[in-house]
Amino acid sequence: MHSTENAKYLGSRSSLPICCLLLLLLAVVLQPAASQTQSSQRYLQNVDINNANNERLQQILKGSGAGAAPAQIWPQPPLKAIPDVKTELAKLNSTYTYQNDWPANNVKLGAVTAVSFDKAGNVVIFHRVNRVWGQQTFDNRNVYQEQYLGPIRESTILALEPATGAMKYDWGKNFFYMPHGLTVDPEDNVWVTDVAMHQVFKFPPRGGDGKPLLTLGTAFKPGSGKKFCKPTSVAVLDNGDFFVADGYCNARILKYSRAGELITSWGQNSFSGVSYDVAPQNYFAIPHALTLVPELELLCAADRENGRVQCFFSRNGTFHSQYHSQLIGDRLFSMAYTPASGGQLVIVNGPTAELGIHPEHYNEVHGFVLSMRSKQLVSKFGPNNLEFHNPHDVAVTTDGNEIYVAELAPMRIHKFVHRSLTKPLSLSATKDTSNIGTGKAGQENAAPGQTVHHPSGKAILVASLMLLFAGSTFALALLFARRRKRGNPAISAAPASDLVYRKLTASNQSCLPFGSRSRRHAWEKSDGFKLGGLLDRDRNGFEKLDQQASDEEQDTTTTLASAQYA
């Protein structure tokens with residue numbers, strides 16, 4: 001009896017280490033998966049995913065019934081060592097120079113959502129004028145809630161001259177509700193998407209008569225299948241076939257024939273509250289923009305919330321490659337392709353995600369140039385070498401010399417020129433003297449490719465001419481005053497100031513910088529020019545120039561009271 005109890009006790013004692021060992025092994029096996037899942041929840045930390053009343057959360061999850069896939073856990077490869085992002089970003093050189101005085105000051109913009117080029121080389125932009133995408137703009141089913149506002153009354157599509165930024169033409173009044181994507185195809189047709197209307201439109205060159213040639217989707221009714229749910233972008237092949245990124249809800253790409261017949265589609269939603277360090281192929285977390293790589297017959301998509309570019313064969317949508325860098329971060333809003341330097345992607349990222357910030361994910365908002373051959377970033381750029389706030393789209397010329405970035409807030413379109421084409425500013429490098437003093441007119445008439453100089457150089461030049469004019473006038477006044485004191489009868493016959501004025505206006509000599517015609521200036525009085533006023537001791541030089549025009553031009557961009565959605 002005793003021996004039996006001892007045997008049972010020893011048997012139970014021997015089984016304890018085995019159980020502990022099994023539990024330990026199980027913990028080791030499960031630990032990596034748990035840690036990867038936790039580290040991948042970049043956007044929803046400290047947020048209750050099941051809280052259906054969280055409107056911002058529902059905005060990101062894109063609602064139910066819109067094609068959103070349930071959250072899944074994919075096996076993740078071993079995580080690479082995270083570099084010191086701030087240090088590595090500081091090492092990147094800036095190869096593009098920001099054009100501060102572009103576009104022209106008379107171009108007034110709302111949130112700029114897209115940018116492209118027409119066949120004439122004009123920069124074509126899509127903007128929202130006074131419309132704002134806020135928390136109440138869509139309900140949880142992605143239905144637009146502000147249809148009562150009617151379409152935007154002002155022109156939403158503007159074409160800007162690339163050298164000066166002056167407006168060449170505009171259209172798109174009383175049609176769009178919430179502009180998003182714009183692409184000009186090889187035949188100069190204009191393709192646009194409206195996320196409020198859930199539709200894709202093809203317009204003739206320059207908008208034609210304002211009626212679309214082709215319309216896809218059902219107005220204001222989101223869905224899947226033949227319907228769209230907040231489509232984001234369009235890309236068009238040379239043969240007329242085109243692709244649509246049905247971005248925010250369905251997370252798919254569709255290929256259509258020239259006539260608008262569906263050929264194929266691919267993609268599933270990988271963003272249901274969790275973002276992955278390396279998302280699987282053909283899965284998207286908002287395909288936000290499209291670009292073509294003609295040399296390789298590829299279509300590339302900006303997988304926004306996965307922070308990567310995915311490229312597919314344009315024939316059938318088969319996966320080709322993906323591009324991601326920890327220096328870009330978790331969000332990548334748009335990219336454009338240029339064949340320069342063997343093929344490059346010009347990329348704009350975005351600020352950290354709306355919900356939660358992972359402490360080790362350092363983020364800077366820049367434009368980046370990525371080599372498709374090496375898959376490495378080769379340079380960065382930004383306004384005055386600083387960061388963007390909320391860039392939304394980017395376009396680059398075929399030669400890679402000019403880059404244009406559309407930004408939501410501040411509401412701007414930015415221009416960058418490759419450093420190889422820019423020259424250091426000097427006061428000796430000035431424009432044709434026929435443009436001096438003409439303000440905007442001189443700027444708009446500048447020849448294409450002419451260097452636009454900084455306003456400070458113009459101001460110094462104009463001030464120098466004014467001082468030269470004042471000095472010569474003062475010298476003439478002293479000369480006539482001396483002759484009058486000597487009793488010259490010709491001068492005593494009329495008041496000195498009136499006689500001098502008549503002589504000056506009748507003169508054709510080159511000492512008058514503004515020519516022989518009489519021009520009114522800010523220092524002239526309504527009763528005519530009074531030279532004696534220049535010699536009056538009670539006056540302190542010229543009167544102050546009128547500043548009303550410059551005050552209007554320097555009107556700052558309106559700050560949005562509420563956070564904007566892309």
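- Ring planes of His366 and Phe368: perpendicular class, angle over 60° (limits at 30 and 60°).
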Practice task
Starting from the C-alpha separation in whole Å, work towards a yes-or-no answer on side chain to side chain contact (heavy atoms under 4.5 Å, CB included) for Phe228 and Leu254.
Solution key: CA-CA 10 Å; Phe228 299 115; Leu254 306 98; 4.0 Å; yes
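- When side chains are defined from C-beta on, Trp266 does not count as touching Phe319, because their heavy atoms never get closer than 4.5 Å.
- Side-chain atoms of Lys415 do not come within 3.5 Å of backbone N or O of Pro103 as any donor-acceptor pair.
- The main-chain N or O of Lys211 is found under 3.5 Å from a side-chain atom of Asp209 such that the two form a donor-acceptor pair.
- Judged by distance alone, the side chain of Glu161 and the main-chain N or O of Thr164 form a donor-acceptor pair under 3.5 Å.
- Seen from the ring of Phe242, Lys202 does not count as a face-on cation partner, given the 6.0 Å and 45° thresholds.
- Rounded to the nearest 0.5 angstrom, Ser257 OG and Leu237 CG are separated by 11.5 Å.
- Across Gly260 and Leu214, no two heavy atoms sit closer than the pair CA-CD2, 4.3 Å.
- A pairwise comparison of heavy atoms in Ala395 and Ala336 identifies CA-CB, 4.1 Å as the closest pair.
- A donor-acceptor contact shorter than 3.5 Å is absent between the side chain of Asp139 and the backbone of Gln145.
- A donor-acceptor pair under 3.5 Å links the side-chain atoms of Thr338 to the main chain of Thr398, judged by distance alone.
- Distance CG/Leu327 to CG/Asp84: 10.0 Å, rounded to 0.5 Å.
- Glu402 is not listed as a side-chain neighbour of His418, based on a closest heavy-atom distance of 4.5 Å or more.
- Closest approach of Asn174 and Pro151 over heavy atoms only: C-CB, 3.5 Å.
- Closest heavy-atom contact between Pro410 and His389: CD-CD2, 3.4 Å.
- No donor-acceptor pair under 3.5 Å is formed between the side chain of Arg128 and the backbone N or O of Ile152.
- Counting only distance, with no hydrogens or angles, the side chain of His127 and the backbone of Gly110 share a donor-acceptor pair below 3.5 Å.
- Put simply, the side chain of Thr113 gets close to the backbone of His180: a donor and an acceptor are under 3.5 Å apart.
- Taking a 6.0 Å sphere around CG of Asp238, one finds it holds 12 or fewer heavy atoms contributed by other residues, nucleotides or ligands.
- For the pair Val124/Tyr169, a side-chain contact is recorded, criterion being any heavy-atom separation below 4.5 Å from C-beta on.
- Comment: Lys173 does not engage Glu154 in a salt bridge, judged by the lack of any side-chain N to carboxylate O separation of less than 4.0 angstrom.
- The six-membered or imidazole ring of Phe381 lies near that of Tyr96, with a centre-to-centre distance under 6.0 Å.
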Problem - Residue pair Val234, Phe243: steps toward the side chain to side chain contact (heavy atoms under 4.5 Å, CB included) verdict - result: CA-CA 6 Å; Val234 176; Phe243 302 88; over 6 Å; no
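- Between Phe203 and the choices Phe175, Trp191, Phe126, the ring-ring contact (aromatic ring centres under 6.0 Å, His included) rule is met once, by Phe175.
- Thr264 has its side chain out of reach of Asn316: every pair of non-hydrogen atoms, C-beta onward, lies at least 4.5 Å apart.
- With a 4.5 Å cut-off on side-chain heavy atoms, Val394 and Ile403 count as touching.
- Lys255 places a side-chain heavy atom less than 4.5 Å from the side chain of Asp241.
- Atom CG of Leu298 is separated from atom OG of Ser314 by 7.0 Å, given to the nearest 0.5 angstrom.
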Exercise for the section: Under the side chain to side chain donor-acceptor pair (under 3.5 Å) rule, what do Glu407 and His414 come out as? Steps first, then yes or no, please. Expected result: CA-CA 8 Å; Glu407 191 162 20; His414 303 275; 2.6 Å; yes
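- Between Trp102 and Val123, the closest side-chain pair of non-hydrogen atoms falls below 4.5 Å.
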Practice task
Report the C-alpha distance between Val369 and Lys380 in whole Å, list the side-chain angles of each, state the deciding distance to 0.1 Å, and finish with yes or no for side chain to side chain contact (heavy atoms under 4.5 Å, CB included).
Solution key: CA-CA 6 Å; Val369 179; Lys380 66 179 180 181; over 6 Å; no
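- Taking CD of Gln281 as the reference point, atom OG1 of Thr318 lies at 10.5 Å (rounded to 0.5 Å).
- The distance from the CG atom of Leu290 to the SG atom of Cys300 is 9.5 Å, given to the nearest 0.5 Å.
- Residues Val132 and Glu146 share a closest heavy-atom pair of O-OE1, 4.2 Å.
- Nearest approach of Asn282 to Gln310, heavy atoms of both residues: N-OE1, 3.1 Å.
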Practice task
Please lay out, stage by stage, how Asn349 and Arg331 fare under the test side chain to side chain contact (heavy atoms under 4.5 Å, CB included).
Solution key: CA-CA 6 Å; Asn349 66 343; Arg331 307 180 80 208; 5.8 Å; no
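- Residues His288 and His392 have side chains in contact (heavy-atom distance under 4.5 Å, counting atoms from C-beta outward).
- Taking the six-membered ring where the residue is Trp, the centroids of Phe138 and Tyr248 are separated by 6.0 Å or more.
- Using modelled atom types, one side-chain atom of Glu387 and one backbone atom of Val365 make a donor-acceptor pair closer than 3.5 Å.
- Between atom OG1 of residue Thr193 and atom CG of residue Leu182 there is a gap of 8.5 Å, rounded to the nearest 0.5 Å.
- Side-chain atoms of His198 never come within 3.5 Å of backbone atoms of Lys221 as a donor-acceptor pair (strictly under, hydrogens ignored).
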